[in-house]
Amino acid sequence: MIHLEHLNLVVRDIPTALHFYQAIFPHWQIRGGGESTWHGVERNWVHFGDDYQYLTFNDDGDADNRNLSGHQVGLAHFAYATDDLDGVISRLQAAGYEIAKPGMDDPYRRNVYFIDPDGYEVEFVEYLTDIPALRNRYD
């Protein structure tokens, strides 16, 4: 078996990034952190997650993220599946973040997109069926 363990994100400010992601994952905590040098630049880092998966934040971001409406090579978005999409939306809106774009109209799944403070697009998906042929269809 293989699964995604973590994403390593370069951000401008760790507390600002944490504000967004703590609204999504209220049960996660800072697992560790420290200082390092990356190609001659000093930076701080933290691991934020649970016992099985986490996000790494490095605070040496010095430019804007890629233009999400453009065609540059780079990360387009990443997604999390949830069984409570309304709860995720509610927590993010209560923390001051608005939906960037609504998801598609589909009888077997709901989804929505938010943009984090550093310009990463994060999708949230709630599947309304356990039948793979229905939840994974593209018509």
Side-chain angles (χ1 to χ4, degrees):
M1 173 162 162
I2 189 168
H3 69 273
L4 182 66
E5 180 198 40
H6 73 276
L7 296 174
N8 189 322
L9 303 176
V10 175
V11 302
R12 287 187 180 95
D13 181 68
I14 291 172
T16 302
L18 283 171
H19 183 259
F20 179 83
Y21 289 96
Q22 285 172 324
I24 300 164
F25 302 109
H27 62 288
W28 281 14
Q29 60 188 346
I30 294 175
R31 297 175 18 159
E35 299 173 357
S36 64
T37 301
W38 181 256
H39 294 277
V41 176
E42 297 293 319
R43 68 182 183 177
N44 298 297
W45 62 271
V46 298
H47 287 177
F48 174 68
D50 62 18
D51 290 336
Y52 303 99
Q53 55 188 328
Y54 61 94
L55 296 169
T56 300
F57 300 118
N58 302 285
D59 69 358
D60 58 327
D62 63 1
D64 289 338
N65 209 329
R66 70 181 286 276
N67 179 346
L68 294 175
S69 64
H71 302 280
Q72 304 90 349
V73 172
L75 180 67
H77 73 267
F78 54 98
Y80 287 97
T82 178
D83 59 1
D84 183 16
L85 184 61
D86 292 329
V88 171
I89 293 169
S90 177
R91 289 191 306 275
L92 280 166
Q93 288 178 330
Y97 303 98
E98 294 302 320
I99 294 171
K101 71 182 171 190
M104 66 180 120
D105 184 23
D106 188 285
Y108 303 108
R109 62 182 176 252
R110 298 173 55 218
N111 66 323
V112 67
Y113 298 83
F114 282 83
I115 307 295
D116 86 356
D118 291 288
Y120 293 104
E121 185 175 61
V122 186
E123 178 185 10
F124 301 95
V125 182
E126 180 177 5
Y127 291 103
L128 306 174
T129 179
D130 290 329
I131 301 169
L134 296 176
R135 66 191 268 171
N136 299 331
R137 68 185 182 72
Y138 299 96
D139 49 47

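Sequence positions, counted from 1, serve as the residue numbers for this chain.
In this structure, the side chains of Val88 and Tyr80 stay at 4.5 Å or more apart for every pair of heavy atoms. By the 4.5 Å heavy-atom criterion applied to side chains, Ile30 and Leu18 are counted as neighbours. In this structure, Tyr113 and Ile99 have side chains that are not in contact, with every pair of non-hydrogen atoms separated by 4.5 Å or more.
Linking ILVMFWY residues whenever their side-chain heavy atoms come closer than 4.5 Å, directly or via other members, leaves Ile115 and Ile89 in distinct clusters. When hydrophobic clusters are built by joining Ile, Leu, Val, Met, Phe, Trp and Tyr residues whose side-chain heavy atoms come closer than 4.5 Å, directly or via intermediates, Val11 is grouped together with Phe78. Leu9 and Trp45 fall into different hydrophobic clusters, where Ile, Leu, Val, Met, Phe, Trp and Tyr side chains are chained together by heavy-atom contacts under 4.5 Å.
Expressed to the nearest 0.5 Å, how far CG of Asp60 lies from CZ of Arg12 amounts to 12.0 Å. Note that the OH atom of Tyr127 and the CG atom of Asp83 stand 13.0 Å from one another [nearest 0.5 Å]. Distance check, rounded to the nearest 0.5 Å: CZ of Phe20 to CG of Leu55 gives 10.5 Å. Between the CZ atom of Arg31 and the CZ atom of Phe48 there is a distance of 11.0 Å, given to the nearest 0.5 Å. Remark: Asn111 CG to Asp106 CG distance equals 8.5 Å, nearest 0.5 Å. From Leu7, atom CG reaches atom CG of Leu75 across 8.0 Å, with rounding to the nearest 0.5 Å.
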Under the side chain to side chain contact (heavy atoms under 4.5 Å, CB included) criterion, do Tyr21 and Val122 qualify, and how do the steps go? CA-CA 10 Å; Tyr21 289 96; Val122 186; 3.6 Å; yes

Might you work through the side chain to side chain contact (heavy atoms under 4.5 Å, CB included) test for His3 and Gln53, ending with a clear yes or no? CA-CA 9 Å; His3 69 273; Gln53 55 188 328; 5.8 Å; no

Can Gln93 and Glu98 be said to form a side chain to side chain contact (heavy atoms under 4.5 Å, CB included), step by step? CA-CA 6 Å; Gln93 288 178 330; Glu98 294 302 320; 3.6 Å; yes

Run His77 and Leu68 through side chain to side chain contact (heavy atoms under 4.5 Å, CB included) and show every step you take. CA-CA 9 Å; His77 73 267; Leu68 294 175; over 6 Å; no

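Scanning both residues, His47 and Thr56, for their nearest heavy atoms gives CD2-OG1, 3.0 Å. Across every non-hydrogen atom of Val112 and Pro102, the tightest pair is CG2-CA, 4.4 Å. Of all heavy-atom pairs spanning Glu123 and Val125, the tightest one is OE2-CG2, 3.4 Å. Residue Thr16 comes nearest to Asp13 through the heavy atom pair OG1-OD2, 2.6 Å, listed as atom of the first residue, atom of the second, then distance. Of all non-hydrogen atoms in Tyr120 and Val10, the two that sit nearest each other are OH-O, 3.1 Å. Residues Asn67 and Gln72 approach most closely at O-OE1, 3.1 Å, considering heavy atoms.
Ring geometry for His6 against Tyr54 counts as parallel: the plane angle stays under 30°, on a 0 to 90° scale with 60° as the upper cut.
Relative to the six-membered ring of Tyr138, Arg109 meets both conditions, a distance below 6.0 Å and an angle of at most 45° to the axis.
Of the possible polar contacts, one joining the Asp59 side chain to the Asn44 backbone as a donor-acceptor pair under 3.5 Å is found. Side chain of Arg91 to backbone of Ile24: a donor-acceptor contact under 3.5 angstrom is found.
With a 6.0 Å radius and a threshold of 12 heavy atoms from other residues, nucleotides or ligands, Leu4 has its CG atom above the threshold. More than 12 non-hydrogen atoms from other residues, nucleotides or ligands lie less than 6.0 angstrom from NE2 of His27.
Neither side chain, Asp84 nor Thr82, offers a donor N or O lying under 3.5 Å from an acceptor on the other.
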